[in-house]
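Working notes, structure below.
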Amino acid sequence: MNPDEILGVVHVVPLGGRSKELFVEHVQVNPNYLNIICPKYVGIGTAMINSLKELCNMMTLFSSKEKSVKHFYAKNGFCEYPPNTNVYTWIKDIFDRF
């Protein structure tokens, strides 16, 4: 693996030993692709999250308090609950299967 070609990484663990529920420990996009005017790649973090959504029914994580990070998770279908806790959860809509 060439470290110069890594776009991002995500670290997850099964939540409570259940394989269809994940706890997202860390999501990191290569800093070389963040906050640049004309990036070569866009949507890296969202693509990683969407890939995980195909593999599981539920994801939970602790977000940083930064507005941009909280906005990222909200934009990707996560809900903060309880409010003002930085705990975000995404649950697959059972009707998406039909």
Side-chain angles (χ1 to χ4, degrees):
M1 186 177 324
N2 182 346
D4 294 330
E5 295 179 1
I6 296 174
L7 299 178
V9 296
V10 61
H11 175 212
V12 298
V13 294
L15 186 62
R18 294 170 263 178
S19 63
K20 291 289 187 175
E21 297 178 12
L22 299 176
F23 182 79
V24 180
E25 293 274 353
H26 192 79
V27 175
Q28 178 64 55
V29 171
N30 184 328
N32 294 331
Y33 296 107
L34 296 175
N35 303 319
I36 57 176
I37 295 171
C38 293
K40 184 175 180 179
Y41 303 102
V42 294
I44 298 167
T46 296
M48 290 189 297
I49 293 294
N50 286 341
S51 294
L52 290 173
K53 287 178 178 180
E54 295 295 321
L55 300 173
C56 69
N57 294 329
M58 184 180 105
M59 285 185 276
T60 301
L61 58 91
F62 295 114
S63 170
S64 73
K65 294 181 181 183
E66 292 178 43
K67 245 184 175 178
S68 62
V69 176
K70 294 176 107 174
H71 175 73
F72 168 79
Y73 288 116
K75 175 183 82 166
N76 282 286
F78 287 77
C79 295
E80 183 179 20
Y81 188 80
N84 302 314
T85 60
N86 296 330
V87 176
Y88 281 77
T89 302
W90 170 85
I91 299 173
K92 184 176 281 188
D93 185 342
I94 61 167
F95 295 108
D96 286 344
R97 299 179 199 169
F98 301 106

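Excluded from the calculations below are hydrogen atoms, water molecules and symmetry mates; all remaining heavy atoms, backbone and side chain alike, are included.
Side-chain contact check for Phe62 versus Val87: some heavy-atom pair is nearer than 4.5 Å. Considering only heavy atoms from C-beta on, Asn50 stays 4.5 Å or farther from Glu54 through its side chain. Using a 4.5 Å heavy-atom cutoff, the side chains of Val24 and Val12 are in contact.
Contact record, Leu52 with Met59: CB-SD, 3.7 Å, taken as the closest heavy-atom pair. Residues Leu61 and Phe23 approach most closely at CA-CE1, 3.9 Å, considering heavy atoms. Nearest approach of Val10 to Met48, heavy atoms of both residues: N-SD, 4.3 Å. Contact between Val29 and Gly45 at its shortest, heavy atoms only, is CG2-N, 3.6 Å.
By the side chain to side chain contact (heavy atoms under 4.5 Å, CB included) test, Tyr41 pairs with Leu7, Tyr33, Ile44, sequence neighbours left out. In this view, Asn84 satisfies the side chain to side chain contact (heavy atoms under 4.5 Å, CB included) rule with no residue, not counting sequence neighbours. With sequence neighbours left out, Val42 forms a side chain to side chain contact (heavy atoms under 4.5 Å, CB included) with Pro39. Ser64 pairs by the side chain to side chain contact (heavy atoms under 4.5 Å, CB included) definition with Glu66, Val69, not counting sequence neighbours. In this view, Asn76 and Thr46 satisfy the side-chain hydrogen bond (donor to acceptor under 3.5 Å, both in side chains) rule, not counting sequence neighbours.
Side-chain heavy atoms closer than 4.5 Å link hydrophobic residues (I, L, V, M, F, W, Y) into clusters, and following such links, even through other members, never connects Ile49 to Tyr81.
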- Residues His11, Gln28; criterion side chain to side chain contact (heavy atoms under 4.5 Å, CB included); working and verdict: CA-CA 9 Å; His11 175 212; Gln28 178 64 55; over 6 Å; no

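The stretch residues 73-90 participates, sequence neighbours left out, in these salt bridge (charged side-chain N to carboxylate O under 4.0 Å, His left out) pairs: Lys70-Glu80. Residues in residues 29-47 take part in no salt bridge (charged side-chain N to carboxylate O under 4.0 Å, His left out) pair, two or more places apart or across chains.
Between Phe72 and Phe78, a ring centre-to-centre spacing not shorter than 6.0 Å is recorded.
Between the side chain of Asn57 and the backbone N or O of Lys92 there is no donor-acceptor pair closer than 3.5 Å.
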